[in-house]
Amino acid sequence: MSSPSAKVLIMRGLFDENPVFRLALSLCPAVAVTTSLKNGLLLGVAVFCVQVLSSVSASVLKPFINPRIRLPLFVLIVALWVSAVDMILAAYFPAIYAQVGLYVKLIVAFAIILSRMELFASKNPIWPSTLDGIGMGLGFLLAMILTGSLRELVGSGSILGITIIPTKPLLLAVLPAGGFFTIGLIMALFNWIDLMRGKKLSSGGGAHG
Amino acid sequence: MVEAKVIGKHEIMINADIPAPAAANLRLVNEQDADIPLTITALNKKDEHHYIATTAEPLSATDHYLLSSQANGMSVTLAPPFFSVLIAVIISSALINNFVFTRYLGLCVFFGVSRRRETAIGMGVTFSIVAVLAGFLCWVLNHFALVPLKLGFLQIIAFIGIVAALVQAAETIIKKVNVVLYKKFGIFLVLITTNCIILAIPLLNATAHAGLWEALALAFGSSFGFALAMYLMSCAREKVDMAPVPAIFKGLPIAFILAGLFAMSFLGFSGLKFM
């Protein structure tokens, strides 16, 4: 891979290979914690930090890692950063952490972080790896903000706890089922934008879809 | 010999072959908050050996209580029956709190392998076995090493390490022992590491301070629930693949809508109450 420009790397993570809507990875939290924008934002920032730090670590450490045991080591690197982020969040944002704590811990098992380390950071120098991490992290953050604000607005009529619509338009959106519906609709929207731009539809929105 | 059990929202049945002391001398506490006594308002004799104590606070049949008498120093623990706890844990983790449809865990793998019925079953079986094993190993490590040494902050690293090592070991062993089995289930083994349910089970167990059997029941129940969810989903997706779905909804978007419909129907299980 010749090193693409910074803009290409970041835009790729945001739109063309958006981790949630395009690659269909890291879906669990995307559905689980996006009942309100605030929760989504917190987890989005946490994932962003872990993704960037892990990508950089993998890229820095790659000369010292025997390729045969790289995956367990990558998992340990991710686990290390997740533990750090987990403790920081628990200390500074106890109220939100009480709601999303389990999902912060489960960032370890996010396929997106490991797959970026394996597919990109282990083959590229530090700076492009950092940008790739930032792009993917931002892509996830964007997905969290989009679903979070949509669900909070439709489900409880407010954004960040500030009431915008006095009634609760469609309570279903904040219920478990609503998360699936919202993500499905946004994915369809991404496909529709592609269709409008004259691109051919990929066969189902995901690497393994 | 004194026995007692919770029989109603405000009632405890005491089975004693000696005369019970007056209500004022009885002390009832919840084992989790052992320094907050619950008020016993009355103690009525039912027949020669049975008494019914009435409490002001509501009791829960699933909690552990300690009833002691200040008159003769005797005390008795009120615990829910062992097997009903296990059954309740299994039912609740498999249906009421199904990991896929109400806690949204394991979605990556769920959407990835639920395209065909065959792969859904393969993944379900492999996952259940590995999850119970991992749940057991993590419980042992947590109970005998992390908790006594106060290393709780290492939970994430330790548990994911166990899971990764277990998966790697299982893969190597199956490859050596039975090639046919490996060809069939090997690919699922690799995918298990990225399934958050396998990590959520030991984390939930550690948070709830579960005993060994409860931990195993949670592991079994939740992996069964996961397998069930995948099987149901794969049946529906095989039909949808044949249906004329709008182009922009083809593939994953419609799968999400389907999952939403399943989640709605699983909401119905929330009315299910055991004990």
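Chain A is the first sequence line, chain B the second, and so forth, proteins listed ahead of strands; every chain is numbered from 1.
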Does [X] have more than 12 heavy atoms from other residues, nucleotides or ligands lying within 6.0 Å of its [atom1]?
X	atom1	value
B:F262	CZ	yes
B:E238	CD	yes
B:F136	CZ	no

Discussion item. To check you understand the geometry: which heavy-atom pair defines the closest contact between B:R103 and A:Y103, and what is its length?
Written reply: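 Heavy atoms of B:R103 and A:Y103 come nearest at O-OH, 2.8 Å.
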Item to complete: Compare every heavy atom of A:M87 with every heavy atom of B:F153, then report the nearest pair and how far apart it is.
Response: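 Looking at all heavy atoms of both residues, the shortest contact is CB-CE, 3.8 Å.
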Discussion item. So, taking the atom named CD1 in B:I160 and the one named CG in A:L76, what distance separates them when rounded to the nearest 0.5 Å?
Written reply: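 Here the rounded value is 9.0 Å.
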Discussion item. Rounded at 0.5 Å granularity, tell me how far CG in A:L106 sits from CG in B:L105.
Written reply: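 Here the rounded value is 6.0 Å.
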Worksheet item: Where does B:I254 contact chain A at under 4.5 Å (heavy atoms): side chain, backbone, both or neither?
Response: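 Interface part for B:I254: neither.
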Discussion item. Does any backbone or side-chain atom of A:I186 lie under 4.5 Å from a heavy atom of chain B? Answer side chain, backbone, both or neither.
Written reply: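 Contact with chain B: none, neither part.
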Worksheet item: What are the residues of residues 177-185 of chain A, in order of number, with any heavy atom under 4.5 angstrom from a heavy atom of chain B?
Response: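 Interface residues of residues 177-185 of chain A: A:A177, A:F180, A:F181, A:I183, A:G184, A:L185.
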Discussion item. At under 4.5 Å between heavy atoms, what parts of residues 197-211 of chain B are in contact with chain A? List them by residue number.
Written reply: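 So far as heavy atoms go, B:L199, B:A200, B:L203, B:L204 are the residues that approach chain A to under 4.5 Å.
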